[in-house]
Structures are given as C-alpha cells and as structure tokens.
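Counting from 1, the numbers follow the sequence of the chain as shown. For clarity, every value in this text was computed on a predicted model and none was experimentally measured. As the structure lists them, so they are numbered: ligands from 1, and atoms in each ligand from 1.
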Amino acid sequence: MERIYMDHAATTAISEAALTAMVSCYRERDGNPSAIYPLGQDSQGALEKARIAMAKGLHALSTEIFFTSGGTEGNNWVLSGVARAKGRGHIVTTAIEHNSVLKTAARLEEGGFEVTYLQPDRFGFIAPEQLEAALRPDTILVSVMLANNVVGTIQDTPALVKVAHARWIPFHTDAVQAVGHIPINVRRLGADFLTLSAHKFHGPKGVGALFCRLSNYVPPLILGGGQERGGRSGTENVPGAVGMAAAFEECLAGLDEDTAYLTKLRRRLTEGMTAIPGVRLTGDPERRLPGLASFIVDGIPHSAHIVYALGGREICVSSGSACSVGSQEASHVLKAMGFNMRAAMGALRFSLDVSNTEEEVDRVLAVIPGVIEEVRAKKGSLWG
Ligand SMILES: *Cc1c(COP(=O)(O)O)cnc(C)c1O
C-alpha cells in the first residue's frame with residue numbers, strides 16, 4: 001500500500017529543485033564564504049543570491065534577512081535578544097505559541113522579565129483590543145504567531161501590529177507555518193521581526209531565516225566570527241540557504257494555484273470528517289491555512305490511538321501535540337482555546353500538500369470511521 005502523508009505541518013519532503021540546487025552547491029561552491037580567494041567568493045555569491053531571493057519573496061530588503069538554523073533559533077534569538085537589549089521589562093505573547101517562544105518566554109520570566117500570555121477566543125484569534133489592554137509603559141516586545149501550527153488559524157497581524165506600533169513597541173511574528181503557504185509581504189504586515197523555517201515549505205531541515213526590519217536591532221544570540229554582518233556567527237550553511245531559496249521561489253510561483261487546490265482538498269476532508277458523529281472542526285472555518293484541518297474526536301482517551309492505528313495502515317497524521325501513545329498530553333493550544341482536557345485529548349490534525357490527491361482523501365475517509373469506532377470501543381480498557 002502506498003503511504004499517505006498528511007503531516008506537512010510537522011515537516012515536508014525536500015523539493016527536487018531545492019535538492020538539485022543544494023547538490024550543485026556542495027559540488028561546485030563548497031568554499032568558506034568568508035575566504036577571499038575565488039572559491040570562497042563563489043560561495044559568498046551563492047549565499048547573497050539566496051538572500052536576495054528570500055528578501056524578494058517576502059518584499060523585504062536583502063540586508064533585512066539573516067540566515068539561521070531554523071524556526072526555533074529565530075524565535076529564541078528575537079525574544080532573548082530584545083530582552084538582553086532592554087535589560088528589563090514586560091513582554092506580551094500568546095498562550096498558543098510554539099514551544100520555542102513559550103519556553104524562551106518562561107526562561108526570561110525566571111530572569112526577572114514579566115510576560116503576559118494572551119488567551120485566544122474559541123477560534124484561535126487574538127483581538128487587537130485584548131492586546132491593547134495588555135500593553136504597559138514598560139512593554140518591550142509583542143510576539144504573536146502568524147498562523148497556528150495546531151489549528152491553522154491566521155491572525156489579523158496588521159491590526160495587531162498597529163496596536164503595538166501606536167506605542168512604539170516592536171512586534172515579532174513566528175511565521176513558520178505561513179511562509180511558503182500564504183502570501184507574505186513584510187511591509188504590509190508591518191512586523192519588525194519575522195521567523196521562518198525552510199523545512200516547513202519543502203526546503204532542507206536545519207535552515208531558516210530571520211527578517212529583521214532595518215530600523216530595528218536585535219543583539220546576536222550566537223557569538224563568534226561575526227558572520228551575517230555580526231548578527232549570527234558560525235560558518236554559513238550555504239547549500240542550506242541556497243536550497244531554502246529554491247524551495248521558496250518554487251512555492252511562490254505556484255501559490256495561487258496551490259491554494260485553490262488545497263482549499264478544495266481540505267474542504268472535501270473536512271466535510272467527510274465532520275459527517276462522522278462526534279467529530280468537529282477546530283480553528284476558524286475560513287481564515288486558516290489552506291491545507292491544515294484539525295478536528296476533535298469525542299469519546300476517545302487520546303487521539304494518539306487513532307494516529308497509531310492509522311500509522312499501521314501507512315497513513316501519517318498528527319495528534320496536534322507533541323506526544324506518543326506512551327506519553328499522552330493535551331495540546332496547550334486547544335486548552336487555551338477553551339476546550340476542556342478531555343476534548344483536547346481527542347485532537348487530530350491533517351496537514352495537506354499539493355502532493356496529496358482526492359483519492360488519498362477518500363481513502364482516509366473510508367478507513368477513519370472504522371478506526372474511530374475501534375478506539376471508542378476499546379475506550380474502557382485504554383482508560384484503565
Ligand atoms: C516547526 C515550527 C517551529 C520550529 O521550527 P524549526 O525549524 O523546526 O526549529 C516554530 N514555530 C512554528 C509555528 C512551527 O510550526
């Protein structure tokens with residue numbers, strides 16, 4: 001049986017274009033970009049070309065792009081960097097952020113910073129009025145993700161940025177789930193800092209970038225040789241940056257067509273899933289990532305049992321929170337959205353991609369009611 005992969009929010013396969021670009025980079029331009037002989041300068045050229053491509057796709061300047069090791073580093077960098085620059089103060093973020101934001105914020109709290117975690121509504125939205133009410137004279141940073149990785153809800157980021165900027169407070173957004181999937185224009189968003197990661201849009205793993213608006217400064221997180229104009233030390237991952245840029249360009253070229261296709265596919269999946277008794281959609285029905293559909297399955301101890309059973313049939317989906325059948329937790333995102341513990345335990349996330357087909361969706365819909373029945377029937381023993 002062919003494997004059906006519907007967990008693209010966890011990671012995506014590297015695209016052929018990205019892989020080809022990387023291989024030729026490793027073969028022909030594998031010098032150190034800091035070296036001044038031609039081999040090094042060739043690498044430097046490839047790196048800057050990748051930077052220009054990333055900037056263009058985001059409507060940024062190339063001097064505003066810093067290559068990183070991925071989303072986790074970008075988020076750590078901005079939060080701890082701004083905190084370091086200010087020395088003290090108050091940070092506003094949300095209860096639905098990725099752990100790379102939440103754990104960094106928690107560490108800052110240990111260091112004496114105060115953090116407010118905004119609670120979203122039932123659909124995962126943070127209201128501008130809510131942010132407004134949380135701001136204080138000593139607020140040094142606002143960090144609100146662009147698109148949520150568990151439920152797919154897309155925030156009204158420009159409205160949130162406006163509130164922060166009215167008080168001259170810098171705004172960071174974790175856009176890891178959004179970049180390559182929806183159009184991004186950093187000027188229109190207005191954010192000062194934006195985090196992205198290549199492996200969520202068919203680029204290589206362990207590569208990402210931070211957009212840092214020219215007028216904003218964030219001290220480096222990683223110290224050393226002063227690469228990336230002093231912003232991020234360490235010998236540059238040139239093939240990684242080149243692969244990321246190739247993947248990004250490819251995503252942008254097909255964005256409109258892919259969005260239309262994915263929206264149709266997601267609706268088909270959503271209709272089929274919500275037709276099953278005791279299954280409901282989470283997140284906003286419309287303002288969401290085109291390929292991401294998350295559900296709550298009632299009457300089961302934990303969705304990991306469904307994920308596991310589907311895995312045995314070569315169908316890859318996610319329970320929407322970091323978990324295994326052994327360690328069962330409920331997603332902090334769903335709890336923050338107001339779902340009780342038992343409901344949140346039943347979260348099932350499908351993240352589709354253009355490589356998925358209607359036939360695959362139908363195949364999943366054909367087996368899933370039986371799997372849910374099975375898990376519900378075993379409920380007593382599983383709970384015991
Ligand atoms: C995957 C993800 C990250 C982490 O990115 P890595 O490149 O894997 O470190 C951060 N934020 C969100 C929303 C994500 O989905």
Side-chain angles (χ1 to χ4, degrees), residues 5-14 18 54 65-80 93-107 117-118 120 124-126 143-155 157 160 171-182 184 189 191 193-211 221-222 232 234 237 240-241 243-245 247-248 251 282-283 288-294 316-323 331-334 336-337 347 349-353:
Y5 185 78
M6 295 187 174
D7 199 14
H8 291 93
T11 197
T12 57
I14 191 159
M54 294 307 297
I65 304 297
F66 295 84
F67 292 120
T68 65
S69 67
T72 299
E73 183 189 328
N75 289 340
N76 271 263
W77 182 6
V78 174
L79 267 75
S80 46
T93 185
T94 81
I96 57 168
E97 299 296 314
H98 186 264
N99 272 331
S100 51
V101 167
L102 293 177
K103 298 214 168 163
T104 306
R107 173 168 287 184
Y117 300 91
L118 299 173
F125 289 118
I126 303 294
S143 180
V144 180
M145 73 199 317
L146 188 44
N148 184 266
N149 51 307
V150 177
V151 294
T153 299
I154 300 170
Q155 299 296 336
T157 306
L160 297 171
F171 192 101
H172 166 247
T173 189
D174 172 354
V176 170
Q177 287 291 336
V179 172
H181 300 274
I182 60 172
I184 304 282
L189 281 178
F193 307 106
L194 180 144
T195 302
L196 64 91
S197 174
H199 78 98
K200 301 287 175 78
F201 56 86
H202 298 283
K205 296 181 193 6
V207 188
L210 179 71
F211 158 80
L221 175 70
I222 295 174
R232 202 279 188 184
N237 179 357
M244 171 165 68
F248 190 37
C251 281
T282 55
R288 61 188 302 135
L289 291 169
L292 199 151
S294 274
C316 310
V317 299
S318 157
S319 66
S321 66
C323 83
S331 154
H332 66 271
V333 173
L334 291 166
M337 284 165 63
R349 180 186 73 182
F350 298 78
S351 39
L352 308 170
D353 178 69

### Task
Might you work through the side-chain contact (heavy atoms from CB on, under 4.5 Å) test for Phe171 and Thr157, ending with a clear yes or no?
CA-CA 10 Å; Phe171 192 101; Thr157 306; 3.9 Å; yes
### Message
For a side-chain hydrogen bond (donor to acceptor under 3.5 Å, both in side chains) check, start with the C-alpha distance between Thr153 and Asn148, then their side-chain angles and the critical distance, and finish with the verdict.
### Response
CA-CA 5 Å; Thr153 299; Asn148 184 266; over 6 Å; no
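A side-chain donor-acceptor contact under 3.5 Å links Ser143 and His172.
Arg288 pairs by the salt bridge (charged side-chain N to carboxylate O under 4.0 Å, His left out) definition with nothing, not counting sequence neighbours. The side-chain contact (heavy atoms from CB on, under 4.5 Å) search around Ala347 returns Leu334, not counting sequence neighbours. Under the side-chain contact (heavy atoms from CB on, under 4.5 Å) criterion, His199 pairs with Thr11, Ser197, Lys205, sequence neighbours left out.
Within 4.0 Å of ligand 1, heavy atoms belong to protein residues Gly70, Gly71, Thr72, Asn75, His98, Ser100, Met145, Asn149, Asp174, Val176, Gln177, Ser197, His199, Lys200.
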